[in-house]
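Report on the following structure.
Residue numbers begin at 1 in each chain, while the letters A, B, ... track the order of the sequences.
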Amino acid sequence: MRVRFAPSPTGIPHVGNIRTALFNWLFARHHGGSFILRIEDTDVARKVKGALEAILDSLRWLGLDWDEGPEVGGEYAPYFQSQRLEIYQGVVRRLVEQGDAYLCYCSPERLEEMRREQMRRKQPPGYDRRCRELSEREKAELEAKGITPVVRFKTPLSGAVKFNDLIRGDVVFDCATIDDFVLLKSDGYPTYHLANVVDDHRMKISHVLRADEWLSSTPRHILLYDALGYEPPEFAHLPMILGNDRAKLSKRHGATSVMDYQKQGYLPQAMVNFLALLGWSLDDRTELMSREELIKNFSIERIGKTGAIFSQEKLGWMNGVYLRQLSIEELVEHAMPFLERGLPKSVKRPISGDYVCQIMPLIQERMRTLAEGAELASFFFVERLDYEPALLLERGLTRERALKALETAKERLESCPFEASSLEGVLRPLAAELGLKTGEFFGLLRVATTGHTAAPPLFETMAVLGRERCLKRIEAALERLMDRA
RNA sequence: GCCCCCAUCGUCUAGAGGCCUAGGACACCAGCCUUUCAAGCUGGAAACAGCGAUUCGAAUUCGCUUGGGGGCACCA
């Protein structure tokens, strides 16, 4: 079994592209086959700088290692189509000699005009085959004008192309609906159709797993395989991943680039698990699966047919699950870069690993992404808390009672051991002593020490913050309340 | 316009004629837990697009309709 992921470096890979890569990879690993990475860089004009690296980085981040391709080489190198031009040109020459392809001298302007006219007449757009049967004289004349021709495939005028898709079943296309598509562009580069077929054959690809959008070009490919005398591979067209509007995923759907998810602090194992479930399922209940379990269970038979909307919500939930499964050491390791990057500039670097080790248990179950973790942890680090003084009186406390409570708390905390259970032992009775409900008193202390009304458990938090920080913050809270008068 | 594909809760899906008064998950709502927020637990609301046909019996088979998507470049 040999499968490939064949992206074109014309942009940053989005989750749809990578889901295709993942399915190919899972299929290869499940069957002990090979996963080949081939770069289809045949569009010089649309080539984007940095796209290749983004593709490689995305695959590496998710752990989708390739057996042949860029950086690792392989028996069928090169794996960049731009380095295989002579191969395609040779094949095209043969096709022309066989009479299965022909040179076309039509100008882009004429083609454009033709298409416009067809659209206007509500006819299906397509090449009108003007150059299909040119005489030698006509060819010579056009040649003399210095026009560089393209090469088109001579599609049969009648008949049908039938093939079996592993996911869709039998699919039939009428040849009459397929025009004479271009094989070789005037710049000497092949089109996708040609290069793809030639390379899949030469690289001995056994199964083509690609997005559904390719289904309607498959008959062209079958026609090419036939003309070249190649045995076509098995095809499996994967359901597409859609945006919230159910349209094909594209740039305007927001953060769809895989690397964006890495930047936001999603874990690769969560991403892999989530993506695997978009269009594939194991059974009626299993959702959380490790990479090994996915490999073990993956099968084309269980790939669905309907497009799937990419749900940020569920990915977030799943990422939270994976985050909670990490040991504190692993979590700290993953979180450190996000803290370095996400904490306010005013916080001194480097950030203390020991301190972070104490903090992480308190926010682990509260974050869905690592970037969110940096926000949740921010108050542990900043020098001065920034919050509305009114938050201190959130629970309906009067200023006087709040002042009294904070002052008393401050006194008691001067001497109390700074450990969660001791703090509770001191503060809980103090609430009663002050005649406050625990919720009122703890809420007040929470805002004073963290600047938030929602935060990790108070006593653990105070213990981690330490006596010095807590006392300073309580003093600052007292000042705020005074200023308010 | 033409060709192709698809159609179960808001979303991801299970379901391959009776096991379905349609199961799970996310999100949502309620309750519990609780010093807040989470997490956790319990419960709830929520779907077979429509119409015909086949059959003793249809979410599952067939047809039509409707809806959605994709393709129709010297882009992939």
Once you apply a heavy-atom cut-off of 4.0 Å, does [X] come out as touching a base, just sugar-phosphate, or nothing?
X        : result
A/Ala455 : base
A/Pro190 : sugar-phosphate
A/Val150 : base
A/Ser311 : sugar-phosphate
A/Phe459 : base
A/Val447 : nothing
A/Arg366 : base
A/Pro456 : base

Scan every strand shown for a Watson-Crick or G-U wobble partner of [N], both distances under 3.5 Å, and answer none if you come up empty.
N     : result
B/U11 : B/A25
B/C62 : B/G52
B/C19 : none
B/A30 : B/U42
B/G1  : B/C72

Need to verify one output field. Residue with the more 5' nearest nucleotide on RNA chain B, A/Gln123 or A/Lys314?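 Upstream on the strand: A/Gln123.
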
Partners meeting side chain to side chain donor-acceptor pair (under 3.5 Å) with A/Glu424 (sequence neighbours left out):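 Scan of A/Glu424 (side chain to side chain donor-acceptor pair (under 3.5 Å), adjacent residues dropped) gives A/Arg428.
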
Restricting to side chain to side chain donor-acceptor pair (under 3.5 Å), what partner residues turn up for A/Tyr79, sequence neighbours left out?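 Counting only residues at least two positions away or on another chain, A/Tyr79 forms a side chain to side chain donor-acceptor pair (under 3.5 Å) with A/Glu68.
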
SB check [X] [Y] (cutoff 4.0 Å):
X        : Y        : value
A/Glu313 : A/Arg368 : yes
A/Asp128 : A/Arg110 : yes
A/Asp41  : A/Arg84  : no

Compare side-chain N and O positions of A/Arg220 against OP1 and OP2 of B/C4 and report whether any pair is under 4.0 Å apart.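 Answer no for this pair, as no side-chain N or O of A/Arg220 is under 4.0 Å from OP1 or OP2.
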
With no hydrogens and no angle check, is any side-chain donor or acceptor of A/Arg401 less than 3.5 Å from a backbone partner on A/Leu397?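 Not at all, since once roles are kept as given, no pair shorter than 3.5 Å links the two residues.
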
Does any donor-acceptor pair link the side chain of A/Thr306 with the base of B/C6 at a separation under 3.5 Å?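 Counting by modelled atom types and ignoring angles, no donor-acceptor contact under 3.5 Å is found here.
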
Got a sec? Which of residues 273-280 of chain A come in under 4.0 Å of RNA chain B, heavy atoms?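 Residues of residues 273-280 of chain A that come under 4.0 Å of RNA chain B are, in numerical order, A/Leu277, A/Leu278, A/Gly279.
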
Other residues, nucleotides and ligands only: do more than 12 of their heavy atoms fall within 6.0 Å of NZ on A/Lys410?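 Check fails, neighbour count at 12 or below.
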
